[in-house]
Visitor: 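Would you mind keeping the following structure in view while I ask a few things?
A, B, ... follow the sequence lines: proteins, then strands. Residue 1 opens every chain.
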Protein chains: 2
Amino acid sequence: MLSKKTKYGLKALTFLAAQKGRTPVQISEIAKHENISQKFLESILLTLRKTGILGSKKGKGGGYYLIKDPKDIPMTTVMRVLEGPIAMVPCVSLNFYEKCEDCPDEASCSVHKLMLQVRDSTLEVFRNNTLADLVP
Amino acid sequence: MLSKKTKYGLKALTFLAAQKGRTPVQISEIAKHENISQKFLESILLTLRKTGILGSKKGKGGGYYLIKDPKDIPMTTVMRVLEGPIAMVPCVSLNFYEKCEDCPDEASCSVHKLMLQVRDSTLEVFRNNTLADLVP
DNA sequence: TTATTACCCTATCGATTTAATAGAGTAAGC
DNA sequence: GCTTACTCTATTAAATCGATAGGGTAATAA
């Protein structure tokens with residue numbers, strides 16, 4: 001299941017990508033337009049800023065803005081920041097790999113075999129989509 | 001993230017599919033072989049039986065067995081029983097559809113657009129795999 | 001310089017889900 | 001009729017999620 005954090009984050013990013021220029025947009029404006037709890041959105045935008053996807057400007061006329069062009073922001077990056085691992089099990093994750101405790105041999109593990117295929121196909125979708133593709 | 005319920009369920013089903021005949025296998029044997037808590041596995045096998053994937057036999061020499069040939073059990077069925085919806089958001093789910101509260105228009109929703117692609121690609125993987133394909 | 005604006009951070013909370021455990025009940029077979 | 005092994009209910013601890021509250025801090029305009 002997609003977390004609300006990811007859902008809201010995607011909506012906020014899409015909203016920013018749909019803006020004309022690169023002028024900062026206030027949190028309150030995004031929250032209102034996308035029906036998101038403002039405080040919750042704050043924490044989401046904060047992580048997006050810390051990972052270099054967003055920039056922010058304080059003071060009057062401040063807000064958040066995209067650092068790069070939407071077409072240069074792949075969904076793989078966004079999803080990993082917001083949702084975490086793309087794989088459904090750690091033992092098939094590229095960026096968050098962990099060995100299964102209960103599994104003696106990955107090569108012969110049926111779950112591993114299936115989830116590897118799922119990861120690859122999901123990854124392809126995210127690689128083929130940039131933030132620009134999400135803008136209506 | 002894949003739940004342990006699904007993970008254990010898949011392992012148990014694969015173990016059953018790898019058996020020679022159709023003789024019932026005891027829970028304790030499966031649990032031991034796959035490193036699964038026996039009591040937890042009990043509840044998993046029970047749901048698999050209730051949904052018609054497994055059959056069971058009580059008494060001495062009893063246990064669980066596959067009702068159908070492994071190659072006639074698509075992963076879509078198994079995953080929906082164990083994990084629930086395949087889609088990451090209810091609004092793109094085929095079998096568990098629900099409208100988003102916060103989303104005024106699905107057609108113009110960026111999350112919807114992206115998750116639809118993910119669902120389709122994941123679904124294709126599960127449709128192309130039967131239980132027989134998981135057996136090493 | 002000062003007031004305002006808006007970002008930034010910490011803490012907390014209830015609700016829900018997950019994984020596991022315990023214990024008693026019931027049906028089938030030898 | 002007694003054992004075996006499935007069946008069911010209830011409980012639990014831990015983790016996560018979504019949301020809220022409240023205050024702190026930095027930057028900007030006037």
Visitor: Rounded at 0.5 Å granularity, tell me how far CD in B/E42 sits from CD1 in B/I30.
Guide: 11.0 Å

Visitor: Distance-only, no hydrogens or angles: does the B/K113 side chain make a donor-acceptor pair with backbone N or O of A/D133 under 3.5 Å?
Guide: yes

Visitor: Quick check: does any side chain N or O of A/Q19 sit under 3.5 Å from a backbone N or O of A/F15, one acting as donor and the other as acceptor?
Guide: yes

Visitor: Any idea which heavy atoms bring B/V125 and B/N129 closest together, and the distance?
Guide: O-ND2, 2.9 Å

Visitor: OH of A/Y8 versus C1' of D/dA19: gap in Å, rounded?
Guide: 9 Å

Visitor: Mind checking B/S28 for me? I need base, sugar-phosphate or nothing, with any heavy atom below 4.0 Å counting as a touch.
Guide: nothing

Visitor: Between A/Q26 (CD) and C/dT4 (C1'), how many Å, whole number?
Guide: 12 Å

Visitor: Does A/K5 reach the side chain of A/S43, with side-chain heavy atoms less than 4.5 Å apart?
Guide: no

Visitor: Does a nitrogen or oxygen in the side chain of A/Y64 sit under 4.0 Å from OP1 or OP2 of C/dC8?
Guide: yes

Visitor: Provide, to the nearest angstrom, the distance between the CD atom belonging to B/E29 and the C1' atom belonging to D/dT4.
Guide: 15 Å

Visitor: Kindly give the heavy-atom pair with the smallest separation between B/G62 and B/Q26, and that separation in Å.
Guide: O-CG, 3.6 Å

Visitor: For a side chain to side chain contact (heavy atoms under 4.5 Å, CB included) with B/Y64, tell me which candidate from B/L46, B/V25, B/L48 qualifies.
Guide: B/L46

Visitor: Name every residue in residues 34-53 of chain B that has at least one heavy atom under 4.0 Å from any atom of DNA chain D, in order of residue number, or write none if there are no such residues.
Guide: B/K39, B/E42, B/L46, B/R49, B/K50

Visitor: Using whole Å, what does the distance between atom P of nucleotide C/dA28 and atom OH of B/Y65 come to?
Guide: 12 Å

Visitor: Could you measure the distance from the CG atom of B/L114 to the NE2 atom of B/H112? Nearest 0.5 Å is fine.
Guide: 11.0 Å

Visitor: Taking OP1 and OP2 of C/dC8, is either one under 4.0 Å from a side-chain nitrogen or oxygen of A/S56?
Guide: yes

Visitor: Can you tabulate the close N/O pairs, meaning under 3.5 Å, that link protein atoms to atoms of nucleotides 25-27 of chain D?
Guide:
unit_1 : atom_1 : unit_2 : atom_2 : d
D/dA26 : O4'    : A/K58  : NZ     : 3.3

Visitor: Which residue, A/G62 or B/K4, contacts DNA chain C at a nucleotide closer to its 5' end, judged by nearest heavy atom?
Guide: A/G62

Visitor: Expressed as a whole number of angstroms, how long is the span from B/K5:NZ to C/dA20:P?
Guide: 13 Å

Visitor: Can you list, pair by pair, the side-chain donor-acceptor contacts under 3.5 Å of residues 77-88 of chain A, counting residues two or more places apart and other chains?
Guide:
unit_1 : atom_1 : unit_2 : atom_2 : d
A/E83  : OE1    : A/S3   : N      : 3.4
A/E83  : OE1    : A/S3   : OG     : 3.0
A/E83  : OE1    : A/T6   : OG1    : 2.3

Visitor: Could you state the atom-to-atom distance from CD1 of B/I27 to P of D/dA5 in whole Å?
Guide: 10 Å

Visitor: What's the CG-P distance between B/L82 and C/dA19, to the nearest Å?
Guide: 12 Å

